[in-house]
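Notes to accompany the following structure.
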Amino acid sequence: MHSSDVFTHYERSHWRLSDVDFSAIRRDLLRPEYVTMARSSVMGESNVIAAVHGFLNEFVDDYDFSSFAVVWGYQEVQHHNAFRAWLRELDADVDDAPVAAMREPYAPGTTPSATLATNIISELTVNHVYKSLARYVEEPVLRELLGNASRDEAAHAREFIHYCRQRLRRHPEELPSVLETLYVYTADTRIKHPVSMFKDNLVELKDHETIDTGFELFLEQVADAGELEALQGKIRKTFTGLTDLDLSSNSRVRRALADQLA
């Protein structure tokens with residue numbers, strides 16, 4: 001099974017939270033937006049339990065992907081705990097109530113392939129944002145955590161691409177749902193992420209940082225001109241490779257979807 005190879009690779013190469021030296025935090029290099037970024041990341045990563053729950057329910061007939069989902073979940077929980085550990089050193093940890101509110105699982109996607117496509121977009125997006133933030137942040141421990149998390153998200157994207165490609169080979173009738181998912185998440189002038197799409201109305205998050213808080217700060221203070229367009233282009237290029245269709249623009253995505261539905 002592919003998940004066995006993934007597990008072996010991750011076990012050999014993955015970083016350990018216990019090796020991070022939180023005593024090395026440079027308080028003289030802290031800026032208020034660093035805390036906001038970390039708190040936003042904690043909230044985004046806290047959705048992992050809901051996601052794993054959803055994966056195991058939706059892919060009940062797929063042991064290989066389910067096994068990967070458990071490994072993926074462990075690493076995402078590690079991200080959550082890593083950012084919280086950094087915040088605790090600064091007496092800035094998030095409250096438990098908004099984190100607990102993220103527990104409710106997602107409803108199943110329109111198809112399992114659409115669910116996998118959603119997570120490809122999620123991983124590519126967070127990889128891009130974490131990587132850019134790691135270059136921007138001067139505080140070394142937070143920069144280390146962002147770099148570690150960014151590399152993990154890139155690896156996760158590769159695996160979701162693998163499983164989505166395998167799923168589409170078995171179920172080509174699910175391709176329209178993948179194209180629809182791509183269009184929904186890239187036909188906008190803001191960063192869209194499943195957590196914000198499905199969890200933004202939780203009353204427990206009122207007046208609290210969310211993943212959108214971090215994305216907005218990223219676009220306002222960190223991103224270069226045209227960076228959102230570059231990210232969306234990267235996502236569409238990934239789906240072009242996944243589907244062997246020209247999806248290089250939103251108009252081409254719409255045309256491909258129309259052709260599939262004709």
_Output field: ring centroids Tyr10/Phe68 closer than 6.0 Å_ = no

*asked:* Between Arg165 and Asp244 (salt bridge meaning N to carboxylate O under 4.0 Å), is one present in this structure?
replied: no

*Would you check if there is a donor-acceptor pair between the side chains of Thr111 and Ser113 at a distance under 3.5 Å?*
no

*Considering non-hydrogen atoms only, spot the tightest contact between Thr36 and Glu209 and give its length.*
CG2-CG, 4.4 Å

*Does the side chain of Leu145 reach to within under 4.5 Å of the side chain of Trp86, using non-hydrogen atoms?*
yes

*Determine yes or no for a side-chain-to-main-chain donor-acceptor pair under 3.5 angstrom, with Ser132 supplying the side chain and Val129 the backbone.*
no

*Just checking, is any N or O donor in the side chain of His9 or Asp5 under 3.5 Å from an acceptor N or O on the other one?*
no

_Under 3.5 Å donor-acceptor, Glu58 side chain and Pro108 backbone_ = no

*asked:* Run Glu159 and Val71 through side-chain contact (heavy atoms from CB on, under 4.5 Å) and show every step you take.
replied: CA-CA 11 Å; Glu159 303 311 332; Val71 177; over 6 Å; no

*Between the side chain of Asn127 and the main-chain N/O of Glu153, is any donor-acceptor distance below 3.5 Å?*
no

*For ring pair (Phe, Tyr, Trp, His ring centres under 6.0 Å), just list the numbers for Phe83 and Tyr130, CA-CA rounded to whole Å, side-chain angles, deciding distance to a tenth of an Å, and then say yes or no.*
CA-CA 12 Å; Phe83 289 120; Tyr130 281 166; 5.7 Å; yes

_Donor on one side chain, acceptor on other, Asp212 and Thr210, under 3.5 Å_ = no

